[in-house]
Amino acid sequence: MTEQHIPDGYAPLTEVGVREALSGLDAVRAILGADAAGAGRWRVSEVGDGNLNMVFVVAGAHGGVVVKQALPYLRLVGESWPLSLSRAHYEAMALRRHHELAPGRVPRVYHFDETLAMIVMEYLHPHIIMRRGMIAGEQYPKFVGHITDFMAATLFHTSDLCMRAADKKRLVADFCGNTDLCKITEDLIFTDPYRIAPDNRWTSPQLDDIARAFREDDDLKIAISRLKLKFMSSTEALIHGDLHTGSMMVTEDDTRVIDPEFAFAGPMGFDIGAVLANLLLNYFSQDGHEKTPGERDAYRAWVLDAVAGVWNEFRRKFMRLWEERGDGDAYPRVLFEDASGRRRLRMERERYMNRLLQDALGFCAAKMIRRILGIAHNIDLEWIADPATRAACERRALLLARNLMVNTDSYRRIESVTDAARLARDDAAD
Ligand code: SR1
Ligand code: MG
């Protein structure tokens with residue numbers, strides 16, 4: 001952990017502090033309306049349910065804003081786990097970049113206060129956290145289109161396929177100080193679930209055997225270590241870094257990506273894999289949420305369609321961007337101007353996308369395993385009250401994830417992943 005720097009003037013916000021901090025901001029006052037006595041009085045409520053920060057909703061007579069403040073420690077654990085306030089700086093920078101690249105897919109930033117590590121942003125209403133909607137069995141028909149627009153735009157435009165080398169290097173430099181947050185990922189996703197770590201937990205005793213087997217599985221530990229190296233050393237694009245369904249706010253018609261505090265220049269497959277993993281975890285959790293067996297069959301089918309759609313649509317959109325706007329310093333167009341060159345470049349793009357799917361599937365597996373054996377779990381599974389049912393769902397997810405990670409190259413198409421997920425459930429039901 002880097003040494004903690006807390007600027008003079010920083011203090012964790014209270015409701016009173018939020019009021020004070022916002023009262024001097026003309027743009028924010030214009031959105032809320034004046035903080036006046038009676039009906040005009042701003043209503044401030046703390047709503048944060050994430051692992052890291054404080055989040056306030058402020059409602060005024062005219063509208064609302066969200067105030068997110070970083071704490072100098074990890075909220076989930078407390079002051080014993082110090083964490084750099086600078087994550088708010090990286091989050092604000094990523095939100096602004098994402099807004100430029102994928103307008104309408106992220107909340108607008110109205111104000112960033114570096115001293116308070118505070119971002120004031122658009123209040124998304126009536127959006128809910130996607131994970132909660134999925135647990136309730138809600139379908140989001142526009143989700144695949146929206147999330148693939150977001151990923152294709154943000155990943156392509158911040159890659160060397162699109163950027164000039166000097167600009168790309170500046171981007172890498174702009175985000176390279178986000179080391180505390182990268183370290184969380186490096187430890188909690190790529191290391192701790194495969195060793196005895198103090199904060200690991202799982203449904204015990206039901207999963208004790210598989211947790212131990214994973215700790216003793218050299219094939220798996222080599223595979224996760226290769227992924228860790230890729231995460232640490234690849235600077236392919238500006239990635240969100242924590243793109244799970246708790247980082248998405250949705251309605252039937254809209255999808256917004258929030259919380260990019262883990263953003264840095266990393267491997268694109270990490271974001272794609274995060275989306276796939278969280279859909280698959282939800283898929284496996286549905287047995288614990290249906291009231292009668294089969295009640296969620298249609299929902300399960302929708303989730304698997306979404307898994308396939310996320311990759312296939314992303315691939316199509318990313319390829320198209322590359323064809324139309326591939327003016328970066330990688331694969332210079334000047335080298336491929338004749339018919340044979342153009343044909344070879346098309347083949348190369350196919351090869352690139354195949355490799356990207358392999359990366360995404362490896363990271364997908366890593367993200368599934370960490371949510372079942374590591375410190376931070378998903379409510380999709382956590383909210384299954386009966387431990388035996390929960391463990392059965394988790395075991396299926398773990399077995400698929402292990403195979404995905406160790407035998408990634410036997411999954412050449414996303415449909416082989418959805419088939420395997422279906423089979424993992426059907427086999428267990430037999
Ligand atoms: C201890 S922090 C745990 C997790 O919360 C965030 O959402 C990230 O996924 C991080 O790994
Ligand atoms: Mg988050």
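Every number for a ligand or one of its atoms is a count from 1 in the order of the listing. All values below were derived from every heavy atom in this structure, side-chain atoms included, with hydrogens, water molecules and symmetry-related copies excluded.
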- Item | Within 45° cone of Y352 ring axis and under 6.0 Å: R355 NZ or CZ | yes
- Of all the non-hydrogen atoms in the protein, which one sits nearest to atom 7 (O) of ligand 1, and at what distance? D242 OD2, 2.7 Å
- Message: Quick test: of every protein heavy atom, which one is nearest to atom 4 (C) of ligand 1, and how far off is it to 0.1 Å?
- Response: N51 ND2, 3.5 Å
- Query: Is the closest heavy-atom distance from T185 to ligand 1 below 4.0 Å?
  - Reply: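 In this structure, T185 fails to qualify as a contact of ligand 1 - no heavy atom is under 4.0 Å.
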- W81: heavy atom below 4.0 Å from ligand 1, yes or no?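 Per 4.0 Å heavy-atom rule, W81 does not contact ligand 1.
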If you count the atoms of ligand 1 from 1 in the order shown, which ones are under 4.0 Å from a heavy atom of [X]?
{"X": "H244", "value": "7 (O)"}
{"X": "L76", "value": "1 (C)"}
{"X": "L74", "value": "1 (C), 2 (S)"}
{"X": "R370", "value": "3 (C), 4 (C), 9 (O), 10 (C), 11 (O)"}

Quick check: [Y] with [X] (ring centres under 6.0 Å apart)?
{"X": "F264", "Y": "Y90", "answer": "no"}
{"X": "F214", "Y": "Y194", "answer": "no"}
{"X": "F175", "Y": "F262", "answer": "no"}

- Residue from D271, I272, L404, L227 passing side chain to side chain contact (heavy atoms under 4.5 Å, CB included) with F363: L227
- Task: Kindly indicate, with the supporting measurements, whether the criterion side chain to side chain donor-acceptor pair (under 3.5 Å) is fulfilled by R371 and N278.
- Result: CA-CA 9 Å; R371 293 292 184 193; N278 283 272; 4.7 Å; no
[X] and ligand 1 - part of the residue with a heavy-atom distance under 4.0 Å:
{"X": "R75", "result": "neither"}
{"X": "I184", "result": "side chain"}
{"X": "V77", "result": "neither"}

- Look at D187 together with K183 and state whether they make a salt bridge at an N to O cut-off of under 4.0 Å.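 Here D187 pairs with K183 in a salt bridge, since their nearest N and O are under 4.0 Å apart.
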- Could you give the distance from CD1 (I379) to CG (L281), rounded to the nearest 0.5 Å? 12.5 Å
